[in-house]
Amino acid sequence: MSSFNERVQQLLKKIPHGKLTTYKQLAIALGNPKAARAVGNACRRNPYPGKVPCHRVVKSSGEIGGYAKGRAKKIALLRSEGIIIKKGKVPNLNEILFTAKQLR
DNA sequence: AGTAAGGCGGGCA
DNA sequence: GTGCCCGCCTTAC
C-alpha cells in the first residue's frame, strides 16, 4: 500500500482519546513540514474508517478544517471525546495538542 | 509511462 | 480577517 498513507494511519492511531493533532504536526512527524496537505489527503483517502481517527486532526490554527463525512460530524465526535469546540474552533488546542515529538 | 488536476493545509502579503 | 501562493501526495486521464 501507499507508504505515506500507512505512516499517517500509524500516527493517527497513536493519538490518545481526548487529545488532538494538527496536519502540520503529522507532516513534521513524517519528516515533511510542508506535507500538511498531503496528510489531509491521506486522511481523506483513509481506507480504514473507524480504525484511523482522522477526526482527531485539526488545522494548526485550531480550526476544525474539513472532514470527508462533514465538519459537523467531526465536531460532534470531538465533543463526544471531551474536546471543547467553540464556533468550529478549538480554543484550548495548545492544551490538548499532540506534538510531532509525541507522535514520534 | 507521462502528464495534469485535486485535496481535510500552512504561511505570507 | 481576508486573499493569494506555495508545496506535498494521490489518483485519474
Side-chain angles (χ1 to χ4, degrees):
Chain A
M1 305 307 209
S2 315
S3 324
F4 206 87
N5 212 303
E6 254 178 71
R7 215 75 32 126
V8 175
Q9 291 169 205
Q10 194 175 257
L11 292 175
L12 289 173
K13 287 197 275 187
K14 286 174 156 201
I15 304 172
H17 178 267
K19 283 248 185 156
L20 285 180
T21 296
T22 66
Y23 297 100
K24 173 106 187 288
Q25 294 304 317
L26 287 168
I28 293 169
L30 291 170
N32 257 323
K34 290 178 171 188
R37 218 168 184 185
V39 174
N41 256 3
C43 271
R44 175 187 174 250
R45 298 214 97 251
N46 182 1
Y48 307 108
K51 194 173 179 185
V52 183
C54 346
H55 63 270
R56 276 186 201 157
V57 190
V58 296
K59 284 184 137 191
S60 65
S61 303
E63 299 177 63
I64 298 304
Y67 193 51
K69 255 194 160 234
R71 278 156 236 170
K73 187 81 178 185
K74 189 172 179 179
I75 293 170
L77 284 165
L78 292 173
R79 277 191 181 175
S80 292
E81 298 205 344
I83 294 166
I84 300 168
I85 298 175
K86 209 70 173 173
K87 292 231 168 111
K89 318 261 167 51
V90 183
N92 62 332
L93 172 65
N94 197 60
E95 297 179 19
I96 59 180
L97 177 60
F98 212 57
T99 60
K101 295 205 170 181
Q102 303 287 317
L103 291 165
R104 254 180 67 182

Please determine whether side chain to side chain contact (heavy atoms under 4.5 Å, CB included) holds for the pair A/I64 and A/L78, giving the CA-CA distance in whole Å, both sets of side-chain angles, and the decisive distance to 0.1 Å.
CA-CA 10 Å; A/I64 298 304; A/L78 292 173; 4.0 Å; yes
Rounded to whole Å, the CG-C1' distance (A/L26 to B/dG7) equals 16 Å
### Query
When you measure from the side chain of A/K13 to the backbone N and O of A/V52, does any donor-acceptor pair fall under 3.5 Å?
no
Partner of C/dG7 under the Watson-Crick or G-U wobble criteria, both distances under 3.5 Å, comes out as none
Practice task
Would you indicate what A/A38 reaches in the nucleic acid, counting non-hydrogen atoms under 4.0 angstrom: base, sugar-phosphate, or nothing?
Solution key: base
Contacted region of DNA chain C by chain A, from 5' end to 3' end of the hits, cut-off under 4.0 Å to heavy atoms, spans C/dC6 to C/dT11
Rounded to whole Å, the OH-P distance (A/Y67 to B/dG7) equals 18 Å
* Assess whether side chain to side chain contact (heavy atoms under 4.5 Å, CB included) is satisfied between A/L103 and A/I15, documenting all intermediate values. => CA-CA 8 Å; A/L103 291 165; A/I15 304 172; 4.2 Å; yes
Here the distance between atom P of B/dG7 and atom CZ of A/R44, to the nearest Å, is 6 Å
If only atom types and distance count, is the side chain of A/K24 paired as donor or acceptor with the main-chain N or O of A/K59 below 3.5 Å?
no
_Taking A/V57's backbone N and O only, do any of them form a donor-acceptor pair with A/K74's side chain (distance below 3.5 Å, no angle check)?_
yes
Here the distance between atom P of B/dG9 and atom CZ of A/R45, to the nearest Å, is 16 Å
Under a 4.0 Å heavy-atom cutoff, the residues of residues 77-104 of chain A touching DNA chain B are none
Taken to the nearest whole Å, CG/A/N41 to C1'/B/dG7 is 4 Å
task: Please determine if a side-chain N or O atom of A/S60 lies less than 4.0 Å away from the OP1 or OP2 oxygen of B/dG10.
output: yes
- [ ] Answer yes or no: is there a side-chain heavy-atom contact under 4.5 Å between A/I75 and A/Y67?
- [x] no
Separation of B/dG10 atom P from A/I28 atom CD1, nearest Å, is 10 Å
Separation of B/dG7 atom P from A/K34 atom NZ, nearest Å, is 22 Å
If the threshold is 4.0 Å, N to carboxylate O, is there a salt bridge linking A/R56 and A/E81? yes
* To do: May I have the step-by-step check of side chain to side chain contact (heavy atoms under 4.5 Å, CB included) for A/V90 and A/I96, ending in yes or no?
  => CA-CA 9 Å; A/V90 183; A/I96 59 180; 4.1 Å; yes
**Asked** Within the distance-only criterion (no hydrogens, no angle test), does the side chain of A/E63 pair as donor or acceptor with the backbone N or O of A/K89 below 3.5 angstrom?
**Response** no
